[in-house]
Amino acid sequence: MALSWNEIRSRAVAFSKDWENVTSEDAEAKSFWDAFFTVYGISRRLTATFEQPVKRLDESTGYIDLLWKGTILVEHKSRGKSLDKAYRQALDYFPGLKDYELPKYVLVSDFARFRLYDLEEDRQVEFELKDLYRHIKEFGFIAGYQKQVFKDEDPVNIHAAELMGKLHDKLKEVGYTGHPLELYLVRLLFCLFADDTSIFERDHFQNFILNRTREDGSDLGSRLGELFYILNQPKEQRLKNLDDDLNVFPYVNGRLFEEQLPPAAFDSRMRNILLECCALNWGKISPAIFGSLFQSVMNPVARRNLGAHYTSEKNILKVIKPLFLDDLWKEFEAVRGNRSKLLQFHDKISQLRFLDPACGCGNFLVISYRELRLLELEIIKTLQKGQQMTDVAERLKLNVDRFYGIELEEFPSQIAQVGMWLTDHQMNLRVSEEFGEYYIRLPLVKRPNIVQGNALQIDWQSLIDPIPWEKKEQRFDYIYGNPPFIGSKMMNESQRIDIKELADEAKGSGVLDYVSGWYLKSARYISQSDTFKTKCAFVSTNSISQGEQVGILWKELFNKYKIKIHFAHRTFKWSNEARGKAAVHVVIVGFSNFDVANKKIFEYEDIKGEPHEISVKNINPYLVEGNDVFIENRGKPICNVPTISFGNMPNDGGFLLLDEAERDIMMTKHPESIKFIKPIISAKEFLHNKKRFCIWLNGVSPHEYRQNEEIINRIQSVKIYRLKSNRLTTRNLAYYPSIFGEIRQPSTNYILIPRHSSENRKQIPIGYFSPDFIVADSCNFIENITLYHFGILHSEMHNVWVRYVCGRLKSDFRYSNSIVYNNYPWPEDRSERQKKAVEEAAQRVLDTRLQFPGSSLADLYDPLTMPPALVKAHNALDKAVDHCYRSQPFPNETKRIEFLFDLYEKYSSGLFREEVSRKRKIP
């Protein structure tokens, strides 16, 4: 049990007085340092060694005055001698030490002065012996007190996971696999943390391996088996003659060491890896992120991108701050001056329940618990102001048993549980440091409620074991997390069944991504109580707020479950600084089945940057301010404009397609084939000014190409390709091998729109073509088009609509006929003068493009290379189009989309139907 700071301070004063006359490196030195360690309640004999021999670089043997392996090296000199020289001498010993023996601190002293070097934080402090009592916390690590400073991307986190990965591989190589291996590593993880955070006597686990196991590792497995057994045994039930080195370990409980595992076999290399792990400062490693890193060691492929998929603390706070943390801190500030209300508030936060139904390794639960413990610490400090702390345990009310998680896989669920215990211990150390009274929760009595299973099939309420004396309804106060990112086309059959059941077979539910199941399950859960107000928030791929999923998912949530969105982070990149840098475009949506007045949107001007907060009256499913509208699939345009179609799909295995060289060879051999070879325009050719051709035999009489051996061979190859298909439709196309699988070729001039375009472009490039150019299925086309239509479709108004309502392929825009074009609200009442202004501006855009004949559209519409003349032409076009919608300018993108949603509502509700029918069609 660590001493309180008050006791340490009293001992420091007495020590300084007792030893103020020590002058030289004589026999008194050993007694001096023994007494120094006693100040902190530690026996030097159990931790550090005098006159440790070590080989220097010049092969001579030196003797370290005092070495606590892996912790501190002490070099002392006679009174008045140079401390700089003592420090250089200390550093000379480093090359002769093993990695796990290297100290984190160096202390040099002449018995009157102390200079402590913190090698990890790269800082030093110097003071006189008489002032030791003022600096006792500098040596808090001796007593087990440590300030916990965590960095998400600290290399020590990744290095630790890499070492554990090596140990995992070695154990697996010798046949130790499956559940026993996973649990074995989790137990080692706990022991490593415990060794550096005062759950165990400091470094006792490391010393146990060093001193009580053979260097060849042959007995390490059996010794660890003994240790795991002892950690699950109360002190009073242990053997009376138990080895002292084992008996000093505490009773842990918590069921972590309950299961008897088969013994593992180690060798010298494996033992050294474990000792390297011990040498790291696990007190600096954050359980909040290490869990995910540790999980990845089990997968060699994931290990190559170690750290790429963990959820950073910064991103977790984006969820929990607006969900509950900000409000709780505001409530604390409001009641901190009223002791009675503050006590009630303390009771309130201790009774809250939190559920992460996709908890993985527990990142969200760990950070939430830590933040709530920090809030509790401020409550206790406020309540204790001006009073002496008597019993820390009586003041602490928050515990891990109010945190619940569901995880599909066993290993991460075990890590989540251990991570919560370790975080609880770290926060107890924080309290100990604050009040100078050491506090530890051992044995582990309460445990986090982490359940292994399918969260979409488990009854969430069944996780709560009712407490008889609780008066309020016992349900989850907050449900949140980061469900798996699995697109609708990537789901397995079991996952499809989950979504189908939760969506109650709603029309179109087959296109919903897997994450939508957590929204539907949460909505169903919170609707089961008329009085309890549960709030929810999930990180999701931005697909749930774009494209056709919106009209399916959110219509169900709003209409059936009366869901209201309380806050939202619009699209940003969910990433971190670790190797591999997994980056997914996500949104965060906070919601419940009741309304709130203060709603917030977090807008990102740069999706890699920081958001700015906007207060709004209502948040619609597209995560902008406005009424709750749904853009659903529509077969025809909502306005009287030309229809849009997909291009032609070859479905030919590439045999009807030709590059420029192949075209030239065929035309040299068969000049008559010029009639059959047409330029084909896919999105790639269109955007990058590439040339490609196709054999176009639609409507061509067979006798015209029957003698062309190359064409006949290609047709035969198409037939074989189609017959091999698993799809019946494609096999049926083998009866027509000379033509494209799907033919939709315009007969007049048309506008071409790529179906996919980079998110980096402000405008989706579009262009004019004649029917001699075959349009591929990677593009859409519109016939019977005018410059006016071209101008509207190429304007900022239309592109804003695309950005908000289209689907995405990764981050790129996916232009949908039925969602984007057919629902687009065109200007309903523009004048001939306004129409002419748009046409003239559209023509200027086309003319300006022609000024750069060597540049592709990808060049011209790249924000970094777009010519100023083209920028000006588009600005003029945007202004002309804006005037067709309203006379006053739009100050920003948000106002544009709000206007368009309002206009869409008017069109879709039929408000303009009679007026539009009386007016001529939009030409």
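Numbers here are sequence positions counted from 1. What's counted below: heavy atoms across the whole structure, side chains too, no hydrogens, waters or symmetry copies.
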message: Taking Asp424 first and then Lys446, would you say they form a salt bridge - that is, a charged N and a carboxylate O separated by under 4.0 Å?
response: no

field: Spatial distance of atom CG (Asp92) from atom CZ (Phe94) [nearest 0.5 Å]
entry: 10.0 Å

message: Run the side chain to side chain contact (heavy atoms under 4.5 Å, CB included) test on Leu396 and Ile380 for me, step by step, so that the C-alpha distance in whole Å, both residues' side-chain angles and the decisive distance to 0.1 Å come before the verdict.
response: CA-CA 8 Å; Leu396 294 175; Ile380 296 172; 3.6 Å; yes

From CA spacing to verdict: side chain to side chain contact (heavy atoms under 4.5 Å, CB included), Asp245, Asn207: CA-CA 9 Å; Asp245 280 344; Asn207 290 331; over 6 Å; no

- prompt: Phe37 versus Ser43: any side-chain heavy-atom pair under 4.5 Å?
  reply: no

message: Using the ring centroid of each side chain, check whether Phe36 and Phe114 are separated by less than 6.0 Å.
response: yes

message: Between Ile440 and Asn428, is there a side-chain heavy-atom distance shorter than 4.5 Å?
response: no

task: Name the orientation class of the two ring planes belonging to Phe257 and Phe228 (parallel below 30°, tilted from 30 to 60°, perpendicular beyond 60°).
output: tilted

- request: Please name the residue in the list Val74, Leu83, Leu73 that meets the side-chain contact (heavy atoms from CB on, under 4.5 Å) test with Val108.
  value: Leu83

- prompt: Do Glu101 side-chain atoms and Lys98 backbone N/O form a donor-acceptor pair below 3.5 Å?
  reply: yes

query: For Phe205, does its backbone N or O pair with a side-chain atom of Asp195 as donor and acceptor, under 3.5 Å?
result: yes

- prompt: Do any N or O atoms from the side chain of His425 and from the backbone of Thr197 form a donor-acceptor pair under 3.5 angstrom?
  reply: yes

message: Between Trp282 and Cys277 (side chain of the first, backbone of the second, donor and acceptor by atom type, cut-off under 3.5 Å), is there such a pair?
response: yes

message: Checking the side chain of Asp118 only, and the main-chain atoms of Arg123 only, is there a donor and an acceptor separated by less than 3.5 Å?
response: no

field: Point-to-point distance, once rounded to the nearest 0.5 Å, from CZ of Phe324 to CG of Leu375
entry: 10.5 Å

field: Within-4.5 Å side-chain heavy-atom neighbours: Asn363 and Asn482
entry: no

task: Quick one: closest heavy-atom pair of Ala279 and Asp99, and the distance?
output: CB-O, 4.0 Å

Residues Asp326, Lys321: salt bridge by 4.0 Å N-O rule: yes

query: Looking only at atom types and distance, does a side-chain atom of Ser16 sit under 3.5 Å from a main-chain N or O of Leu129, one as donor and one as acceptor?
result: yes

message: For Phe266, run the side-chain contact (heavy atoms from CB on, under 4.5 Å) check against Thr213, Leu224, Asp219 and tell me which one passes.
response: Leu224

query: Who passes side-chain contact (heavy atoms from CB on, under 4.5 Å) against Asp122, sequence neighbours left out?
result: none

message: One thing to verify: whether Glu226 and Arg212 come together as a salt bridge, which I'm taking to mean a side-chain N less than 4.0 angstrom from a carboxylate O.
response: no

message: Closer than 3.5 angstrom, by distance alone: can the side chain of Arg214 be matched with the main-chain N or O of Ser268 as a donor-acceptor pair?
response: no

message: With heavy-atom distances below 4.5 Å as the criterion, would you say the side chains of Leu132 and Trp19 are in contact?
response: no

field: pair Leu231-Arg187: side-chain heavy atoms closer than 4.5 Å
entry: no

message: I'd like to know whether Ile320 forms a side chain to side chain contact (heavy atoms under 4.5 Å, CB included) with Phe354, so could you lay out the CA-CA distance, the side-chain angles of the two residues, the decisive distance to 0.1 Å, and finally the verdict.
response: CA-CA 11 Å; Ile320 67 174; Phe354 302 82; over 6 Å; no

- prompt: Got a sec, which residues hit salt bridge (charged side-chain N to carboxylate O under 4.0 Å, His left out) with Glu51, two or more places apart in sequence or on another chain?
  reply: none

query: By salt bridge (charged side-chain N to carboxylate O under 4.0 Å, His left out), which residues pair with Glu120, not counting sequence neighbours?
result: none

query: Among side-chain atoms of Lys77 and Gln89, is any donor-acceptor pair under 3.5 angstrom?
result: yes

message: Taking the ring centre of each residue, are Phe15 and Phe32 less than 6.0 Å apart?
response: yes

query: Between the side chain of Asp203 and the main-chain N/O of Gln206, is any donor-acceptor distance below 3.5 Å?
result: no

message: Can you confirm whether Leu67 sits close enough to Val54 that some side-chain heavy atom of one is under 4.5 Å from a side-chain heavy atom of the other?
response: no

message: So, taking the atom named CG in Leu328 and the one named CD in Glu376, what distance separates them when rounded to the nearest 0.5 Å?
response: 12.5 Å

field: side-chain contact (heavy atoms from CB on, under 4.5 Å) partners for Glu201, two or more places apart
entry: His204, Val248

- request: Answer yes when Lys314 and Glu610 have at least one side-chain N-carboxylate O distance shorter than 4.0 Å, and no when they do not.
  value: yes

query: What closest approach, in Å, do Leu210 and Arg271 show between heavy atoms, and which atom pair accounts for it?
result: O-NH2, 3.2 Å

query: Got a second to check how far Leu365's CG is from Ile450's CD1, nearest 0.5 Å?
result: 5.5 Å

message: Any heavy-atom pair between the side chains of Lys130 and Glu20 that's under 4.5 Å?
response: no

- prompt: Do you see a donor-acceptor pair shorter than 3.5 Å between the side chains of Asp84 and Ser82?
  reply: no

message: My understanding is that only residues two or more places apart in sequence, or in another chain, count here; which of them pass salt bridge (charged side-chain N to carboxylate O under 4.0 Å, His left out) with Glu276?
response: Arg269

- prompt: Between Asp243 and Arg223, is there a salt bridge with N-O shorter than 4.0 Å?
  reply: yes

- prompt: Between the side chain of Arg115 and the main-chain N/O of Gln124, is any donor-acceptor distance below 3.5 Å?
  reply: no

field: Verdict with reasoning, Trp33 to Asp65, per side chain to side chain contact (heavy atoms under 4.5 Å, CB included)
entry: CA-CA 10 Å; Trp33 293 115; Asp65 288 335; 6.0 Å; no

- prompt: Parallel, tilted or perpendicular: which fits the ring planes of Tyr87 and Tyr117, with parallel below 30° and perpendicular above 60°?
  reply: parallel

- request: For Glu215, check salt bridge (charged side-chain N to carboxylate O under 4.0 Å, His left out) against everything at least two apart and list the hits.
  value: none

message: Please report the interatomic distance CD(Gln52) to CG(Leu66), rounded to the nearest 0.5 Å.
response: 10.0 Å

task: Give a yes or no on whether the backbone of Ile8 and the side-chain of Tyr40 come within a donor-acceptor separation of less than 3.5 Å.
output: no

message: I want to check something: taking the side chain as every heavy atom from C-beta on, are Thr61 and Lys55 in contact at a cut-off of under 4.5 Å?
response: yes

- prompt: Measuring from Arg336:CZ to Trp329:CH2, what's the distance to the nearest 0.5 Å?
  reply: 8.0 Å

